[in-house]
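Read the structure below first, then the notes.
Numbered from 1 within each chain, the chains take letters A, B, ... in sequence-line order. Everything numeric in this text was worked out from a predicted model, so none of it was measured.
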Number of protein chains: 2
Amino acid sequence: MALTLKDLARLANVAESTVSRAINNKPGVSEEKRKEILNLADKYNYKPNRLAKGLAEKRTKIIALLLPDLENTLSLKVISAVEEELEEQGYQMLICNTKKDISKTENYLKMLLEDQIDGVIILGGTPTTGKMIQIGLDKGERIVLVDKLLEEVVLTSHLIDHNKSGTIAAERLFKNSNKIKPVILIGEENDYIEQERLRGFVDVCKKHGHKPEILTGINTRQDGYESFFQLVNNIDIPTGIFFTSNIAGIGLIESVKTGGWLIPDDFEVIGCEDDIISRISNPKLTVIKNPLIRMAQNAAKSLIDSIRSKTVTGEVRIYEPELVENDSTK
Amino acid sequence: MALTLKDLARLANVAESTVSRAINNKPGVSEEKRKEILNLADKYNYKPNRLAKGLAEKRTKIIALLLPDLENTLSLKVISAVEEELEEQGYQMLICNTKKDISKTENYLKMLLEDQIDGVIILGGTPTTGKMIQIGLDKGERIVLVDKLLEEVVLTSHLIDHNKSGTIAAERLFKNSNKIKPVILIGEENDYIEQERLRGFVDVCKKHGHKPEILTGINTRQDGYESFFQLVNNIDIPTGIFFTSNIAGIGLIESVKTGGWLIPDDFEVIGCEDDIISRISNPKLTVIKNPLIRMAQNAAKSLIDSIRSKTVTGEVRIYEPELVENDSTK
DNA sequence: TTGTAGGCGTTATCAT
DNA sequence: ATGATAACGCCTACAA
C-alpha cells in the first residue's frame, strides 16, 4: 500500500495540515519545512489519492466526453484532441458512448451534479433532454457543446457554420461554368446540420439560376451507389454533386465510374470532411473540411478555464469550414 | 447538492449503516425496512457517490485503457469494444494515450497500486518497463495484455498468432500457382509482430521453393508507392505481395496501376487488417483479419472477472487471424 | 508558522 | 436486526 499524507506527516514530524499545505503550494509553511517535506515526498514517491482529494475538495479532475457513437474516425479525432488538451492540464477523460441513448447522457450529467466529475463535453449527435438543460443552467459553465446547437439555453458552444459548407460547395461547383447541373445528397432529412448545408447549397444555386436536385436519406455506400440511378435518367453533363457523407460518396463514385463517366470531367463531386476516406478515394476528393480538432481543443480549454475560474461566459464560437481542393473537381 | 446516504437515513429514521445494507443488498435488514428505504431512495433519486464508495471500499469501478496512440481506427475499435463491455458491468474507462511515452504508462500503473483504478488493459505497442512488471506481479491479475507479448512475467494475455498471418498470406498467394513471385513489405524491422509475420511468410515460401523478396521500413502511403520502384527492375509476372500496412498497400497499388499493371491479374496483393482502407480500396483488398474486437471484449471480461474473484489465472489466449477474400487476389 | 479537529460520503466492525 | 463509530485519505477552518 502506498504512502499517505499521514505517513508523510509522521516521517517529517509535523501535522498533516502542514504537509497538505506544503504539497499543494499553499501559504503558511516556512520555506525550510516545505523543502524538507517536498524532499521526503519525492524520496518516498508520494502520490496524493485522487479519490480522497476529490471527496474533500468536491472536484475530481475528471471530465466526461459524451459521444453519439464510436463508429467513425471523427470520434477518434475528437477523443484524441480532447485527451491531449486535458492531459496537459492534469485532467483525465471518461469516454461515454451514448449510442444516441438519452439515458446515458443523463447519467453523466447526474455525476456532474454530484461532483463526481468536473465537467462534460458533449459532441454533436448526442441526444439531450430538457431536464438536462436545467442541470446545465444550474451548473453554469461546466458543460460545453461541440458542434451541437442547443436553442433552449445558453451554454458555451463551439459551432460549425454548416450553412457555409453548402455555399462553399455550390460556389466551387459553379466556379468554372454556370451551366453545371447541381445535385446534393444528404442523409437524415430532419437533421439540423443537414438542413443547414442544404439551405446554403440551395441558396447559391438559386443565385446562379439553378434549382438543385435533392436526394435525401443517402447514408451508406450502398445508398450512394444507388443514388446515381436516380440521376441517370436525365443526365446533364457536366453535373456537380455535393454529398455530406463521404462513404456514400464513395458509393456514388463507383457507380459513376461503372457507368463509364469520368470524374471530374463529366461529374464534379465534393465531399464533407477531410478524412481517410476522402484521401484514399480515387480520385482524391475535394472536400469541405471542418476544424473539428481545433474545436475540440478549444472546447476542452474553455471547459477547464471555466472550471478553474468558476466564471460563466456562455460564449459561442463559430468556426468556418473550408474548401480543400483535390482531384474530384476541376 | 444531491442527497447523501446520511440524508436518507434521517428520512427513514434509521442508522446510516442500515441504509448502506439496504442499498447494497446485504443481509442484516428486515425486508420491511429494506423496502421502505429502497422506496425512499428511489423517490428522492438517491445515487451513491462513487468517490466516497471507492475510498471506503478501495475500488473505483474505473479501469484504464492504455493505448500506444490514437491515430488509427484500430484504437477506436478497441476503445469501443472495451467501453461496451465495461459499461455493461458498471465500470468506467479512462483513456490513456501513451504516445509510446513510457512514463505515462507508469503513472497509470501507480494509480493501480494506490487503488485509484481497479485495473489496466494494455494494448500492444504501449511501452513498458521492468519496474512495471513487478507491479503487475504484486497486483496479480489486475493487468491484462492485448496483442502484447511480455516474456518477463506471466500476466493474463490475449495474443494474436501473427506468425499465422504470414503463413496464411503466403499460402493464399501460392494457391493458384507455385510460380508466383513472393514479396513481403513490412514496417519496423525489429518489431516483434512484424518479425513473426515475416517468419511465417518466409517459411511457407521456402516450403514452395521460394525465397521472398523482403522490403522493410514500409509504413506510409509514400513508402508503399516507392516500394514498387524497388521491385520494378526485375518484375516477374505473376507477383504476390503481402504488406502489413494497408495504407502503404494503397500506395503500392497506386504505383502498380500507374505502371500499367493489373491487380489481381499481374499482381496479387494481400493486406493486414480488415478496415475502412481495405474496404474502400480499389480493388477491395483481400486481407488477414485479426479478431481485435473479440480480443478486446474478452480482455475486458477477464479483467473484470479477476477483479471480482480476486483470482490469478495468468491465462494466455491465442487468437487466430483469418483470411478475408476480396478482389485483390484471384 | 504550526497543530487540532471536523468533515467529505461510504463501508465495516463492533456492540446492543 | 439495528445502531454507533471508526476508518478511507485529504482539506480547511479555527486555535494556539
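In summary, the side chains of A/Asn72 and A/Lys77 do not present any donor paired with an acceptor at a separation below 3.5 Å, with no hydrogens or angles considered.
Between B/Tyr46 and the phosphate of C/dT10, there is a side-chain N or O to OP1/OP2 separation shorter than 4.0 Å. Taking side-chain N and O atoms only, B/Lys58 has a distance below 4.0 Å to OP1 or OP2 of D/dG9. Listed pair A/Lys53 / D/dC11 meets the phosphate criterion, a side-chain N or O lying under 4.0 Å from OP1 or OP2. Close to C/dG7, at under 4.0 Å from its OP1 or OP2, lies no side-chain N or O of B/Lys6.
Put simply, OH on A/Tyr46 and CG on A/Leu38 are 11.5 Å apart, with the number rounded to the nearest 0.5 Å.
Rounded to whole Å, atom P of C/dG7 lies 17 Å from atom CG of B/Leu55. Atom CG in A/Leu51 sits roughly 9 Å away from atom C1' in D/dG9 (whole-Å rounding). If you measure from atom CG of A/Asp115 to atom P of D/dC11, you get 16 Å, rounded to the nearest angstrom. Straight-line distance from the NZ atom of A/Lys61 to the P atom of D/dC10: 16 Å, rounded to whole Å. Rounding to whole angstrom units, CG of residue A/Asn49 and C1' of C/dC8 are separated by 13 Å. Rounded to whole Å, atom P of D/dG9 lies 11 Å from atom CG of A/Leu3. Rounded to a whole Å, the CD atom of A/Glu114 is 16 Å from the P atom of C/dC8. Note: CD (B/Glu32) to C1' (D/dT2) measures 13 Å, nearest angstrom.
Residue order along DNA chain C, read from the 5' end via each residue's closest nucleotide, puts A/Glu31 first among A/Glu31 and B/Leu5. Taking for each of B/Ser30 and B/Ala56 the nucleotide of DNA chain D with the nearest heavy atom, the 5'-most of the two is the partner of B/Ser30.
Residue B/Ile304 comes nearest to B/Gln89 through the heavy atom pair CD1-CG, 3.4 Å, listed as atom of the first residue, atom of the second, then distance.
Each of A/Arg317, A/Gln297, A/His158, A/Glu315 was evaluated against A/Ser302; a single residue qualifies, A/His158, per the side chain to side chain donor-acceptor pair (under 3.5 Å) test. Here the options are A/Asn298, A/Asn290, A/Asp147, the test is side chain to side chain donor-acceptor pair (under 3.5 Å), and the partner is A/Tyr319; only A/Asn298 passes.
Residues of residues 12-26 of chain A having a heavy atom closer than 4.0 Å to DNA chain D, listed by number: A/Glu16, A/Ser17, A/Ser20, A/Arg21, A/Asn24, A/Lys26.
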Please lay out, stage by stage, how B/Glu84 and A/Lys99 fare under the test salt bridge (charged side-chain N to carboxylate O under 4.0 Å, His left out).
CA-CA 10 Å; B/Glu84 186 154 352; A/Lys99 294 178 193 165; 3.8 Å; yes
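The salt bridge (Lys or Arg N to Asp or Glu O under 4.0 Å) check on B/Glu31 picks up B/Arg34, with sequence neighbours excluded.
Within 4.0 Å of B/Pro48, counting heavy atoms only, lie sugar-phosphate atoms of the nucleic acid but no base atom.
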